[in-house]
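Below is one structure, written out as structure tokens; the observations come after it.
All chains are named by letter (A, B, ...) in the order of the sequence lines, taking the proteins before the strands, and each is independently numbered beginning at 1. The structure presented is a predicted model; accordingly, all values stated were derived computationally and were not measured.
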2 protein chains.
Amino acid sequence: MKTVSRVINGEPNVSAATIAKVMAAARTLDYQPDLHAGNLRRADGRTRTLGLLVGSVDNPFAGAVHRAVEDVALQHGVAVFASSLDDDPDREQESVDAFLRRRVDGLILTTVTESQAYLAPELRRGTPVVFVDREPAGITSDAVVSDNADGAALATRHLLEGGHRRLAYLGDRPVIQTARERRRGFLEELGRAGVATRGVPVVDGLHDEESARAATIALFDSPNPPTAIFSAQNLVTIGVIRALRELGRHHDTALVGFDDVPLGDLLDPGVTVVAQDPQGIGRAAAERVFARLDGDHSPPVRTIVPTRLIERGSGEIPPRREG
Amino acid sequence: MKTVSRVINGEPNVSAATIAKVMAAARTLDYQPDLHAGNLRRADGRTRTLGLLVGSVDNPFAGAVHRAVEDVALQHGVAVFASSLDDDPDREQESVDAFLRRRVDGLILTTVTESQAYLAPELRRGTPVVFVDREPAGITSDAVVSDNADGAALATRHLLEGGHRRLAYLGDRPVIQTARERRRGFLEELGRAGVATRGVPVVDGLHDEESARAATIALFDSPNPPTAIFSAQNLVTIGVIRALRELGRHHDTALVGFDDVPLGDLLDPGVTVVAQDPQGIGRAAAERVFARLDGDHSPPVRTIVPTRLIERGSGEIPPRREG
DNA sequence: TTGAAAGCGCTAACAC
DNA sequence: GTGTTAGCGCTTTCAA
């Protein structure tokens with residue numbers, strides 16, 4: 001009997017006796033319905049599956065985003081494919097293709113390609129695409145991001161208010177949209193404060209602890225080293241901390257990082273950061289996907305998840321007085 | 001023409017002209033093959049999909065495992081579903097069901113159920129199941145684990161060799177197999193060293209930073225507090241560190257943790273740990289799955305990934321001399 | 001309340 | 001080299 005389908009899906013109009021028989025058989029055979037086979041014919045065409053692309057699944061920011069997405073997805077009976085981007089445009093394309101070939105119902109993406117126009121056909125087909133962490137280019141779709149320029153300005157203002165005038169910027173590669181925004185926020189805040197930006201060290205292209213560490217050491221190998229550092233990324237902040245310790249400068253050089261650092265409150269000094277809210281970002285992104293799936297056809301939304309300054313000590317170190 | 005299939009899959013015996021025509025059409029229509037539809041009929045029945053269940057995707061240990069699994073899977077063109085267990089047996093069952101309904105080719109599981117016998121039918125069906133971090137119960141299958149008892153003994157021996165005799169154990173809930181193993185390793189090592197275990201504080205059931213912090217504070221609210229602590233889990237270690245600082249005891253109480261702690265080398269004192277190798281565990285587990293899929297039908301293998309002691313300071317603090 | 005027939009998008013097997 | 005036919009496990013539609 002093909003009434004089996006009715007029983008499995010809990011549809012009405014089946015006699016109790018039939019239900020019992022089918023259930024018994026299912027148990028004996030360890031039957032598990034094949035979701036994908038059903039989806040092939042099902043009216044809504046949903047695979048109850050979602051694709052998530054993050055920086056790397058082993059990075060704490062991404063982990064928090066992932067977890068929040070999973071929690072929302074779980075409530076909808078949706079499973080999530082997770083992949084790591086590694087800031088590699090080819091990997092982005094391959095991951096997205098892999099998701100699409102598996103007919104995910106929605107996409108939550110951190111991207112590194114110059115343009116995501118390649119997603120236009122999929123968007124037209126009705127697949128919800130939500131960008132997280134970084135905003136899309138060459139295409140318009142929902143996005144959930146931190147206000148990077150604003151957060152960077154907040155960090156910078158904090159240092160300026162502490163009396164610093166010799167600041168330095170250390171950040172990630174400018175191909176990354178958030179890196180550009182954070183640098184912009186830093187420079188604009190200096191401008192607003194009337195601090196001349198020429199002569200301010202702006203070191204780009206740092207991607208891991210080691211390059212940040214080396215750059216910091218180089219920075220201090222100059223006649224007039226900065227009294228305060230704004231490090232615009234996670235790993236960069238850690239590299240800076242290592243360097244300052246090596247130089248014995250961690251108690252006389254102020255540091256504010258963008259994005260929180262694990263155990264940042266237990267270090268000495270505590271690490272002052274502009275923290276993002278990765279959980280909030282993940283949740284908002286997943287909710288956006290499900291709203292779209294539920295028929296929300298309003299224009300694309302840009303959701304900004306606030307950042308906040310957490311003072312822990314390193315950002316409150318006053319400028320050195322020099323003779 | 002249904003020769004399309006041949007072109008898409010790069011099969012031989014198609015003329016160049018036909019290939020070109022098909023490719024052009026595919027491009028125009030933004031065609032993406034439906035992997036699942038194909039799988040329905042394909043001989044090998046592979047979905048090129050894998051299910052991974054970890055403690056929580058936002059925990060650093062799990063993140064590293066996940067990343068390693070992803071890297072191996074990627075080489076095989078396999079996408080991975082990741083879910084969080086939260087040490088909840090119901091969640092385990094639901095996640096596994098969700099994976100099975102999606103016909104994953106293999107399963108990599110951290111479990112918390114008392115018995116995983118419920119997987120027997122799936123195993124008989126030929127789906128490779130590899131247990132990670134914790135060993136299976138009620139069923140036999142491949143497993144990739146750290147040697148928990150051995151690692152705990154290593155940590156304990158290190159403290160004993162430092163001259164400590166008043167040790168304390170702080171660990172996770174004993175429903176968790178690794179927690180039991182680590183406790184066993186600790187107690188057995190004390191026995192081997194001829195240290196009486198009665199009177200040694202063994203605090204179980206700690207699951208997060210806060211409970212570990214409270215337990216540590218309680219420990220010091222006694223006439224003869226320990227001079228050395230073995231904390232048998234990640235978050236427990238962090239809770240202990242917080243408590244020791246609050247008590248001003250972090251420089252006169254030795255501490256060795258099981259499982260590494262982020263930035264453990266930057267704290268003061270540096271955190272001595274018995275580190276696991278989550279990357280190695282993830283890689284080995286994924287390789288096991290693919291070996292099984294490639295036809296390896298040898299008996300189940302238990303792979304032990306070594307732990308290692310990393311001395312950073314906290315574990316080398318000598319016992320207090322008391323008057 | 002139940003079942004039979006068709007078809008989802010693809011691949012297998014076998015013609016042509 | 002290319003096309004045809006059948007069928008994977010399910011849901012849809014419609015008839016009984």
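The phosphate of C:dT1 (OP1 or OP2) has no side-chain N or O of A:Thr18 nearer than 4.0 angstrom. For D:dT11, the OP1/OP2 oxygens have a side-chain nitrogen or oxygen of A:Asn9 closer than 4.0 Å.
The CZ-C1' distance, from A:Arg41 to D:dG7, rounds to 15 Å in whole Å. When the C1' atom of C:dG9 is taken as reference, atom CG of A:Leu100 falls 16 Å away, rounded to whole Å. Rounded to an integer number of Å, the gap from CZ of B:Arg103 to P of D:dG9 is 9 Å. To the nearest angstrom, C1' of D:dG7 lies 12 Å from CG of A:Leu40. Protein atom CZ of B:Arg102 is 19 Å distant from nucleotide atom P of D:dG9, rounded to whole Å. Regarding B:Tyr31, its OH atom lies at a distance of 10 Å from the P atom of C:dG9, rounded to whole Å. Rounded to a whole Å, the CG atom of A:Asn39 is 12 Å from the P atom of C:dC10. Counting to the nearest Å, the P atom of C:dT1 and the NZ atom of A:Lys21 are 15 Å from each other.
Counting only heavy atoms from C-beta on, A:Ser5 has its side chain closest to D:dT11 among D:dG9, D:dT11, C:dC10. Closest approach to the B:Asn13 side chain among D:dT2, C:dA12, D:dC10 is made by D:dT2 (side chain taken as heavy atoms from C-beta onward). You'll find that the side chain of B:Arg6 is closest to D:dG3, out of D:dG7, C:dC8, D:dG3. Comparing C:dC14, D:dG7, D:dC10 against the side chain of A:Ala37 picks out D:dC10 as the nearest. The nucleotide whose nearest atom lies closest to any side-chain atom of B:Asp34 is, among D:dG9, C:dG3, C:dC10, C:dC10. Looking at the side chain of B:Pro33, the nearest of the listed nucleotides D:dT11, C:dC10, D:dC8 is C:dC10. Looking at the side chain of A:Ser15, the nearest of the listed nucleotides D:dC8, C:dT1, C:dC8 is C:dT1.
Put simply, the residue from A:Arg182, A:Arg180, A:Glu181, A:Gln177 that forms a side chain to side chain donor-acceptor pair (under 3.5 Å) with A:Asn148 is A:Arg182. Each of A:Glu70, A:Arg67, A:His66 was compared with B:Ser56 under the side chain to side chain donor-acceptor pair (under 3.5 Å) criterion, and only A:Arg67 meets it.
Crowding of B:Arg302 atom CZ: a count of heavy atoms from other residues, nucleotides or ligands under 6.0 Å not exceeding 12. The environment of CD in A:Gln93 is crowded: more than 12 heavy-atom neighbours from other residues, nucleotides or ligands sit within 6.0 Å.
Mapping B:Val14 and A:Gln32 onto DNA chain D by nearest heavy atom places B:Val14 at the nucleotide closer to the 5' end.
Interface remark: the A:Arg42 side chain does not form any donor-acceptor pair with the D:dG9 base, using a distance-only criterion of under 3.5 Å.
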Practice task
Apply the test side chain to side chain contact (heavy atoms under 4.5 Å, CB included) to residues B:Leu119 and B:Phe131: give CA-CA distance (whole Å), side-chain angles for both, the deciding distance (0.1 Å), then the verdict.
Solution key: CA-CA 12 Å; B:Leu119 282 166; B:Phe131 292 89; 4.0 Å; yes
